[in-house]
Chemist: 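Could you have a look at this structure, given as structure tokens, before my questions?
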Amino acid sequence: MTTPAAVPPIQAVLFDKDGTLFDFAATWRHPVERMLIALAPDPADRAEMAARGGYDQATGRFTGGSALVEGDVAAIVEAWAPLRPDLGADGLRRRLTEIWSSPDSQPDALVPASRDLQHLLTGLLGDGLTLGVATNDFEAAADEHLRAAGVREVFSFIAGYDSVPAPKPAPDMVLAFAAATGIAPAEIAMIGDSTHDMACARAAGCGLRVGVLTGPASHADLAPHADHVIDSIDALPALLAGL
């Protein structure tokens, strides 16, 4: 864990979505299983695809740092294209986009990574913080999920992997948030469950990098890259208040 010599006043909080606002495994296990069935009807092929993507079918757990956890569509295509030579990379990308855009691919239930997500976020907003979301999911999907969870109105900014030239771990989403809000990166706290989130925040010059343990990554994974690691976003208000 690194600790900055001086933390500038935090004016905005940029959240990752899956694994941060929503519990990763509880939300995405069943949609990923359905996607695997659609792409690989044969059980043996499906097992290989799951393994390469970072999903354990037996336990329903995801591997931190894997394509399904941290990657965008391009990363998943890279992992799976060798298993679908009949589609090729371009065909697989189109097929993935088609599957991911269908109602069947959406979560059965969005499981918040907070005891009371609405209360937590409205409290941060009430403290004068500007809130945003940066996810390697599609922007439209992120917007839909936040609306379904009843928290879309608290966010003044949403970016998906398709919103910027380069997704996380590149700094583009943070820089776009800064440009949209007029808030300097040094005054932005990035909250995420993956090393991609922390790398994005570091590259953009965020004033604070906070890792959460509601995704597949462990404390040991996140600590070298974060200023703080907390169990969940429920601990965020106290952390910010204590800076």
Chemist: Is there side-chain contact between L240 and L124, with at least one heavy-atom pair below 4.5 Å?
Modeler: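 Yes; the side chains approach each other to less than 4.5 Å.
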Chemist: I need the minimum non-hydrogen distance between A81 and A89, along with the two atoms involved.
Modeler: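 That would be CB-CA, 4.4 Å.
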Chemist: If you group Ile, Leu, Val, Met, Phe, Trp and Tyr by side-chain heavy-atom gaps below 4.5 Å, do V174 and I10 land in one group?
Modeler: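 No; tracing contacts between hydrophobic side chains, which count when under 4.5 Å, never links both residues.
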Chemist: Have a look at V133 and tell me which of E139, H145, M173, K17 forms a side-chain contact (heavy atoms from CB on, under 4.5 Å) with it.
Modeler: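 Option passing the side-chain contact (heavy atoms from CB on, under 4.5 Å) with V133: K17.
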Chemist: Would L131 and L208 show up in the same hydrophobic cluster when neighbours are defined by side-chain heavy atoms closer than 4.5 Å?
Modeler: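 Yes, same cluster.
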Chemist: Can you tell me how far the CZ atom of R84 sits from the CE atom of M49, to the nearest 0.5 Å?
Modeler: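 Output value for this atom pair is 6.5 Å.
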Chemist: How close do P237 and I233 get, heavy atom to heavy atom, and via which atoms?
Modeler: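 P237 and I233 have their closest heavy atoms at CD-O, 3.6 Å.
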Chemist: Over 60° means perpendicular and under 30° means parallel, so tell me whether F62 and Y55 are parallel, tilted or perpendicular.
Modeler: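 Correct class here is tilted.
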Chemist: To the nearest 0.5 Å, what is the distance between OG on S194 and CG on D221?
Modeler: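 Taking OG in S194 and CG in D221, the distance rounds to 10.0 Å.
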Chemist: Carefully, step by step, assess L39 and D45 under the rule side chain to side chain contact (heavy atoms under 4.5 Å, CB included).
Modeler: CA-CA 9 Å; L39 287 171; D45 293 340; over 6 Å; no
Chemist: Do you know the tightest heavy-atom contact between F177 and S156?
Modeler: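 Heavy-atom minimum between the residues: CE1-OG, 4.5 Å.
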Chemist: State plainly whether the residues R94 and D90 are in salt-bridge range, i.e. N to O under 4.0 Å.
Modeler: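 A salt bridge is absent here (no side-chain N lies under 4.0 Å from a carboxylate O).
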Chemist: I need the minimum non-hydrogen distance between L110 and A149, along with the two atoms involved.
Modeler: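 Heavy atoms only, the tightest pair is CD1-N, 4.4 Å.
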Chemist: Are the charged groups of K168 and D16 less than 4.0 angstrom apart, N to O?
Modeler: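 Salt bridge between K168 and D16, a charged N being under 4.0 Å from a carboxylate O: yes.
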Chemist: Examine distances only and state if a side-chain atom of D72 and a backbone atom of A75 form a donor-acceptor pair shorter than 3.5 Å.
Modeler: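 Between the backbone of A75 and the side chain of D72 there is a qualifying donor-acceptor contact (under 3.5 Å).
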Chemist: Hey, mind stepping through L243 and H228 against side chain to side chain contact (heavy atoms under 4.5 Å, CB included) and telling me if it holds?
Modeler: CA-CA 11 Å; L243 293 178; H228 300 273; 4.2 Å; yes
Chemist: Counting heavy atoms not belonging to E153, are there more than 12 under 6.0 Å from its CD?
Modeler: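 Atom CD in E153 is crowded, with more than 12 foreign heavy atoms closer than 6.0 Å.
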Chemist: Provide the closest heavy-atom pair for P185 versus A204 in the form atom of the first, atom of the second, distance.
Modeler: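 Closest pair (atom of P185, atom of A204, distance): CB-O, 3.2 Å.
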Chemist: Find out whether L14 and F155 are in side-chain contact, i.e. whether some heavy atom of one side chain is under 4.5 Å from a heavy atom of the other.
Modeler: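 No, side chains not in contact.
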Chemist: Do D234 and S114 get their side chains close enough for a donor-acceptor pair, meaning under 3.5 Å?
Modeler: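 Yes - a donor-acceptor pair under 3.5 Å links their side chains.
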Chemist: Calculate, to the nearest 0.5 Å, the distance between atoms CG and CD belonging to L120 and Q118 respectively.
Modeler: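 Going from the CG atom of L120 to the CD atom of Q118 covers 11.0 Å.
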Chemist: Report yes if some heavy atom in the side chain of F24 is under 4.5 Å from a heavy atom in the side chain of T214; otherwise report no.
Modeler: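 SC-SC contact between F24 and T214 ruled out.
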Chemist: Apply side chain to side chain contact (heavy atoms under 4.5 Å, CB included) to residues V69 and T63 and explain how you reach the verdict.
Modeler: CA-CA 7 Å; V69 173; T63 302; 5.8 Å; no
Chemist: State plainly whether the residues R209 and D227 are in salt-bridge range, i.e. N to O under 4.0 Å.
Modeler: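 Answer for the salt bridge query: yes.
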Chemist: Applying the 4.5 Å side-chain criterion to the ILVMFWY set and letting contacts propagate, would I158 and I183 be lumped into a single cluster?
Modeler: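 They do not share one cluster, since no chain of ILVMFWY contacts under 4.5 Å joins I158 to I183.
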Chemist: What about L239 and L121, same hydrophobic cluster or not, with Ile/Leu/Val/Met/Phe/Trp/Tyr joined at side-chain heavy-atom distances under 4.5 Å?
Modeler: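 Yes; L121 is reachable from L239 via cluster members.
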Chemist: Side chain to side chain contact (heavy atoms under 4.5 Å, CB included) for D18 and D137? Distances and angles first, verdict last.
Modeler: CA-CA 9 Å; D18 301 312; D137 198 354; 4.2 Å; yes
Chemist: Run D108 and R34 through salt bridge (Lys or Arg N to Asp or Glu O under 4.0 Å) and show every step you take.
Modeler: CA-CA 11 Å; D108 300 326; R34 291 193 291 267; 3.2 Å; yes
Chemist: Under 4.5 Å between side-chain heavy atoms, hopping through other hydrophobics if needed: is there a path connecting V164 to F138?
Modeler: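 Each belongs to a different hydrophobic cluster.
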Chemist: Test your reading of the model: is there a side-chain donor-acceptor pair from R93 to the backbone of L96, 3.5 Å cut-off?
Modeler: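 Checked: no pair found.
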Chemist: Any side-chain heavy atom of F15 within less than 4.5 Å of one from T135?
Modeler: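 No; the side chains remain at least 4.5 Å from each other.
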Chemist: Nearest 0.5 angstrom please: I191 CD1 to L21 CG, how far?
Modeler: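 Going from the CD1 atom of I191 to the CG atom of L21 covers 10.0 Å.
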Chemist: Answer whether the closest heavy-atom distance between the side chains of V73 and D162 falls below 4.5 Å.
Modeler: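 In short, these two side chains do not touch, never coming nearer than 4.5 Å.
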Chemist: Nearest 0.5 Å, what's the CG-CH2 distance between L68 and W28?
Modeler: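 Spacing of CG (L68) from CH2 (W28) equals 11.0 Å.
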Chemist: Are any non-hydrogen side-chain atoms of L92 and I76 less than 4.5 angstrom apart?
Modeler: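 They are not in side-chain contact.
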Chemist: Answer yes or no: is there a side-chain heavy-atom contact under 4.5 Å between L117 and F22?
Modeler: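 Yes, their side chains come closer than 4.5 Å.
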Chemist: Specify the closest pair of heavy atoms between A113 and S232, including all atoms of both residues, with the distance to one decimal.
Modeler: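 Closest approach of A113 to S232, heavy atoms only: O-CB, 3.7 Å.
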Chemist: Say whether Q11 and T130, considering side chains only, have a donor N or O and an acceptor N or O under 3.5 Å apart.
Modeler: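 Note: Q11 and T130 side chains miss the donor-acceptor criterion.
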Chemist: Could you walk me through whether D42 and R46 satisfy the salt bridge (Lys or Arg N to Asp or Glu O under 4.0 Å) test, starting with their C-alpha distance in whole Å, then the side-chain angles of each, then the deciding distance to 0.1 Å, before giving a yes or no?
Modeler: CA-CA 6 Å; D42 180 82; R46 189 156 64 247; over 6 Å; no
Chemist: Quick one, L213 and S218 - any side-chain contact, counting heavy atoms below 4.5 Å?
Modeler: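 No. Closest side-chain heavy atoms not under 4.5 Å.
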Chemist: Out of curiosity, T20 OG1 to D197 CG, how far, rounded to the nearest 0.5 Å?
Modeler: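 Spacing of OG1 (T20) from CG (D197) equals 5.5 Å.
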Chemist: Salt bridge check, E98 against R95: does any charged N sit closer than 4.0 Å to a carboxylate O?
Modeler: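 Yes, this pair counts.
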